[in-house]
Amino acid sequence: MNSSALHCISYGLYVVSSRQGDRLNGQIANTVFQVTSEPATIAVSVNKQNLTHEFIRSSRVFSVSVLSQETPMRFIGRFGFQSGREIDKFAEVQYRIGHTGAPIVLDHALAFLEASVIQEKDAGTHTIFIGEVVDAEILKAGSCMTYSYYHEVKRGKAPKTAPTYIEEQVEEETKGGGAMAKYECTVCGYVYDPELGDPDADIKPGTTFEDLPEDWVCPVCGAGKEDFEKVA
Ligand code: FE
């Protein structure tokens, strides 16, 4: 079996949110899809270990915010790599409470859907929640973030059309002392590539890991420089 075939399946990138009593939580998910149109139903696959799973289970409602292509990695990191058991993910984001009572994240969202769970399916490590759409709105125009865009562009793996500017800069930088090393975050696996820098934090291409400010943190999970290891 060639499991790479699984990577050929296309997805988007979403914040799926729910609540439990007064507590709000949300997480990044790529596995959201429309199931039927009459009535309009959507499904989401959520890992059973996630706090959002617990919340959807108890409140039977969830919302889906469709993220734009411009969503910063720090935002995705906050919702995707940190747990609502440790931080209040809604403390620093704009949101509103929907008809179902589920919170709807508005930051970086192009649209949202809100649903009431009508069925759930045990899928081993995950539960597939199927919800009837109760409300939905377009918030602004833009391109939706796709899962492949997130991996290929946002995570810094060099796109095939790498800008000449960067190549030249790298040659310039490496003349004196060897290639600039990449560093990997031991928490989330993000790789800091000096050729790309960290545009979300105004770190210019050509900045070595050593030259990053000491308070620079992993754009995906928020880990500090000390949690990075040189890629051999
Ligand atoms: Fe990280």
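Please read all numbers here as calculations on a predicted model, not as lab measurements. Order of appearance sets the numbers: ligands from 1, and atoms from 1 within every ligand.
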Cationic tip of Lys182 above Tyr192 ring, under 6.0 Å, 45° of axis = no

Listed protein N/O/S atoms, distance to the Fe ion (ligand 1) under 2.8 Å | Cys185 SG, Cys188 SG, Cys218 SG, Cys221 SG

State, with a plain yes or no, whether a side-chain heavy atom of Gln20 is found less than 4.5 Å away from one of Ser59.
-> no

Residues at least two apart in sequence or cross-chain that pass salt bridge (Lys or Arg N to Asp or Glu O under 4.0 Å) with Glu120, listed by chain then number, are Arg57, Arg60

Could you note down all residue pairs passing side chain to side chain donor-acceptor pair (under 3.5 Å) where residues 102-115 supplies at least one of them, sequence neighbours left out?
-> Thr100-Glu114

Could you give the distance from CG (Asp198) to OH (Tyr190), rounded to the nearest 0.5 Å?
-> 5.0 Å

What ring pair (Phe, Tyr, Trp, His ring centres under 6.0 Å) pairs are there with at least one residue in residues 1-51, not counting sequence neighbours?
-> Tyr11-Tyr147

